[in-house]
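For reference, the structure discussed in these notes is given below.
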Amino acid sequence: MRKFLLPTLIIASALLILTRLYYLQILDDSYIKKSENNAVKIKYQYPERGYIYDRNDVLMVANQPSYDIIITPNEIEKDIDTLEVCRLLNVTPDYFCERLRKARVYSPRLPYTFLSQLNKKEFSAFQEKIRRFKGFDIVKRSLRDYRIHAASNVFGYIAQVGEATIDKNSYYKSGDLIGRQGVEQVYEEVLRGKKGTKRIQKDRFNREIGPFKGGIYDTISVKGKDITLTLDSKLQEYGESLMFEKRGGIVALEPKTGEILALVTAPTYDPSLLVGRNRSKNYRLLEKDTLGIPLYDRGLLAEYPPGSPFKIITGLIGLQEGVINEYTSFKCHYGFSYGRGAFMRCHDFGRNKLNEGIFQSCNTYFASTFRLSIDKYPTPELGIEAWGNHLKSFGLGNYLGYDLPPGRKGLVPDAKLYKRYYPRGGWRSSTIISNAIGQGEILMTPIQLANMMATVANKGYYYTPHIIKDIKGQKIDEKFTTKHTTSIDQKHFEPIIEGLHDVYNLGTAKTLQIEGIEICGKTGTAENYTKIDGVKTQLTDHSIFVAFAPKDDPKIAVAVFVENGYWGARWAGPIATLMIEKYLKGTISRKDLEVKMLTRGLKEEYKKVISGKPFSINQ
């Protein structure tokens with residue numbers, strides 16, 4: 001056996017060595033990659049970002065050329081003329097040293113952005129002399145070119161990608177641009193396109209000698225896909241101009257599809273402010289405006305008491321629950337008495353049926369309806385649960401699922417909430433009666449109000465509000481074409497719609513009529529409380545208005561919310577009416593309303609608000 005031991009060991013060792021050699025040379029490419037990393041330089045070709053069009057094929061967002069100065073630390077010569085570089089690029093020596101330090105920390109061998117988003121004039125002088133500065137390179141990119149000066153909250157903006165995103169997504173490298181907020185963020189993967197790569201072979205002296213392996217691994221960039229939004233750019237611009245010196249939001253929807261026609265927040269800003277080298281500086285200035293909060297999208301984020309427009313749902317629930325019909329009447333003596341001497345004031349007097357209750361906005365009518373709806377059940381817990389389920393069928397109390405960065409859910413109060421408020425029990429319909437007129441714990445966002453009105457216009461169904469209409473070569477998400485049906489029978493919407501029509505004919509909006517357009521609407525005034533130095537303080541009421549038109553074939557549903565705007569017909573009503581006429585006719589006949597909205601605002605009113613809060617919640 002001994003005579004075979006040595007040959008066996010030799011053969012086994014040889015086999016191991018051969019196997020290892022085979023693995024290293026044939027199977028394992030890690031050393032090749034390391035070698036390539038040292039001998040091959042990768043240059044990225046950045047694609048044009050997809051264009052953004054409105055529903056009428058109007059180009060809203062295109063691109064403009066931009067240039068980044070890139071450095072590779074290991075390639076920069078020690079005797080580089082730092083002062084000359086700083087002079088040509090208009091930066092300080094301290095900036096030069098700091099960027100070089102950060103580049104070395106990132107990677108001595110990989111390109112790093114030294115200076116970004118230069119226009120052609122800014123980098124032209126440097127381009128002429130770049131050959132003298134080894135380790136510096138120029139990368140061409142595209143920045144956004146806004147063709148309209150509106151809808152900044154819809155578009156979002158483009159910014160440099162952060163380290164956290166780079167760590168999570170291998171597509172992005174240092175210095176890359178990425179969509180932030182709005183459709184730029186939501187449809188980033190569609191709009192960004194695909195980067196191209198060019199591999200350059202280097203010799204042992206680190207000099208570029210030509211394409212790596214004849215360029216067989218090079219790829220070309222692919223332009224991002226163009227998208228079409230549901231937005232009507234003319235209506236959006238008009239809505240923003242109507243909110244002159246006002247705070248609040250306007251949301252306009254196409255009822256039959258859920259398409260967002262306008263999404264206005266006020267105050268707002270020109271989207272071009274967040275383009276180019278001044279983007280960061282301008283962003284900080286916008287961020288410092290803690291009173292107007294222009295970066296805050298009130299249409300999606302602000303949660304308000306809905307006020308009298310909520311009476312629409314109170315009436316529908318009463319009809320569905322069978323506690324009232326269109327002929328049921330309640331007597332109002334300038335208010336509604338409940339509880340122990342409690343009194344809900346109303347401007348009305350006399351006996352009203354449902355139609356009159358709607359167009360005269362009678363608090364007593366809807367407080368009585370709400371109490372009957374809750375008291376129909378054996379316990380208030382069961383009553384509020386049934387009431388809440390009806391509300392949720394309208395999409396309230398939750399995110400609607402629209403294709404923009406998430407807003408707020410609003411609030412549909414339930415038994416759990418009231419058990420926390422009243423741990424010893426004893427709460428009942430009269431305790432929570434303010435919900436009947438949208439002044440209790442119920443909270444809604446402007447887009448939820450608009451969707452509620454679209455649902456009424458459709459007599460009981462809605463489609464998820466969305467901003468995308470078409471993606472070139474791609475289908476939109478089917479959730480935007482899925483019908484949602486409420487818990488209210490279709491027949492119950494008829495008397496409510498008649499009442500809303502009479503709001504313009506006989507009621508609180510009769511001064512806002514437009515010849516040739518049958519509009520259904522509802523005014524609203526929401527009490528506005530906030531805490532100042534820990535004390536509950538009442539501020540000027542909010543002005544609210546919801547509407548749709550035409551009555552028999554609705555093409556637009558609108559919700560308008562003007563903070564500290566007094567009552568519904570003062571500010572929100574005229575704005576909603578003008579938005580409807582602008583969309584349906586393209587021209588304005590009520591010049592008296594238009595001039596007032598375009599030239600008068602609430603600047604003096606806002607000076608009284610010292611808390612600077614974007615919205616108020618009843619405490």
Side-chain angles (χ1 to χ4, degrees), residues 306-338 343-377 383-384 386-387 389-391 393-394 429-430 432-439 442 452-453 455-461 485-510 513 518-524 546-552 554 568:
S308 289
F310 191 74
K311 294 172 181 175
I312 297 169
I313 293 187
T314 300
L316 287 169
I317 293 173
L319 291 168
Q320 183 66 31
E321 291 291 333
V323 298
I324 63 166
N325 59 45
E326 59 182 299
Y327 305 107
T328 302
S329 64
F330 299 101
K331 196 168 185 179
C332 179
H333 292 278
Y334 297 115
F336 176 75
S337 297
Y338 63 99
F343 189 72
M344 178 188 291
R345 288 183 300 169
C346 183
H347 59 266
D348 199 16
F349 180 85
R351 183 169 287 277
N352 294 320
K353 295 178 183 177
L354 177 60
N355 184 270
E356 296 159 326
I358 293 172
F359 75 70
Q360 294 184 143
S361 198
C362 178
N363 287 344
T364 297
Y365 192 96
F366 294 98
S368 302
T369 300
F370 177 82
R371 185 167 65 178
L372 290 172
S373 299
I374 302 299
D375 292 348
K376 170 186 173 181
Y377 291 85
I384 201 71
W387 175 80
N389 287 335
H390 286 305
L391 266 58
S393 75
F394 282 80
S429 61
S430 59
I432 59 174
I433 199 73
S434 293
N435 285 313
I437 59 170
Q439 284 291 170
I442 182 77
M452 178 196 80
M453 211 56 183
T455 306
V456 174
N458 292 334
K459 299 178 182 177
Y461 71 87
T485 305
T486 71
S487 58
I488 309 297
D489 295 339
Q490 183 177 340
K491 63 182 180 181
H492 296 313
F493 287 88
E494 294 289 352
I496 296 293
I497 290 172
E498 288 300 327
L500 296 173
H501 187 219
D502 283 338
V503 168
Y504 268 87
N505 294 331
L506 306 167
T508 52
K510 62 184 177 182
Q513 294 178 24
E518 290 189 296
I519 306 177
C520 299
K522 184 73 190 76
T523 53
V546 294
F548 66 82
K551 173 181 174 247
D552 296 325

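Computed over heavy atoms, backbone and side chain alike; hydrogens, waters and symmetry mates excluded.
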Subject >> Closest approach of M453 to G521 (non-hydrogen atoms, all atoms of both residues) >> reply: CE-CA, 4.3 Å
Original post:
Taking only residues two or more places apart in sequence or in another chain, which ones pass side chain to side chain donor-acceptor pair (under 3.5 Å) with E498?
Top reply: K551
**OP:** Report yes or no: do K522 and S361 form a side-chain donor-acceptor pair below 3.5 Å?
**Re:** yes
Original post:
Rounded to the nearest 0.5 Å, how far does CG of L354 lie from CD1 of I496?
Top reply: 4.5 Å
Original post:
Say you draw a straight line from CG of L506 to CD1 of I358; how long is it, rounded to the nearest 0.5 Å?
Top reply: 12.5 Å
Subject >> Distance in Å, S368 OG paired with M344 CE, rounded so as to fall on 0.5 Å steps >> reply: 9.0 Å
**OP:** Side-chain contact test, heavy atoms from C-beta onward, threshold under 4.5 Å: evaluate it for K459 versus E494 and give yes or no.
**Re:** yes
Original post:
Any side-chain heavy atom of K311 sitting closer than 4.5 Å to one from T369?
Top reply: no
**OP:** Drop me the distance from E356's CD to Y365's OH, to the nearest 0.5 angstrom.
**Re:** 9.5 Å
Original post:
If you round to the nearest 0.5 Å, how far is CG of N352 from CZ of F359?
Top reply: 7.5 Å
Original post:
Any sub-3.5 Å donor-acceptor pair from Q320's side-chain atoms to D489's backbone N or O?
Top reply: yes
Original post:
Within the side chain of N363, is there an N or O that forms a donor-acceptor pair under 3.5 Å with the backbone of R345?
Top reply: yes
Subject >> Nearest heavy-atom neighbours spanning S373 and V323 >> reply: OG-CG2, 3.6 Å
Original post:
Heavy-atom count around K376 NZ within 6.0 Å, excluding the residue itself: above 12?
Top reply: yes
**OP:** Indicate the ring-plane relationship of F493 and F394, choosing parallel, tilted or perpendicular according to the 30° and 60° boundaries.
**Re:** tilted
Subject >> Flag, side chain of Q439 to backbone of S434, donor-acceptor distance under 3.5 Å >> reply: no
Original post:
What distance separates L391 CG from L316 CG, expressed to the nearest 0.5 Å?
Top reply: 10.5 Å
**OP:** Could you tell me whether the side chain of T314 and the main chain of F370 form a donor-acceptor pair under 3.5 Å?
**Re:** no
Original post:
Considering all heavy atoms of both residues, which atom of I519 and which atom of A547 are nearest to each other, and what is their separation?
Top reply: CG2-CB, 4.0 Å
Subject >> Residues in side chain to side chain donor-acceptor pair (under 3.5 Å) contact with S487, at least two apart in sequence or another chain >> reply: H390, S393
**OP:** For I324 and G315, work out which heavy atoms get closest and say how close.
**Re:** CD1-O, 4.0 Å
Subject >> Heavy-atom closest contact (M452 atom, P309 atom, distance) >> reply: CE-O, 3.7 Å
Original post:
How far apart are the closest heavy atoms of P306 and F310, and which atoms are they?
Top reply: CG-CB, 3.8 Å
Original post:
Taking the side chain as C-beta and beyond, is there a heavy-atom pair between V546 and I312 under 4.5 Å?
Top reply: yes
Original post:
Where the side chain of N325 meets the backbone of T328, is there a donor-acceptor pair that is under 3.5 Å apart?
Top reply: yes
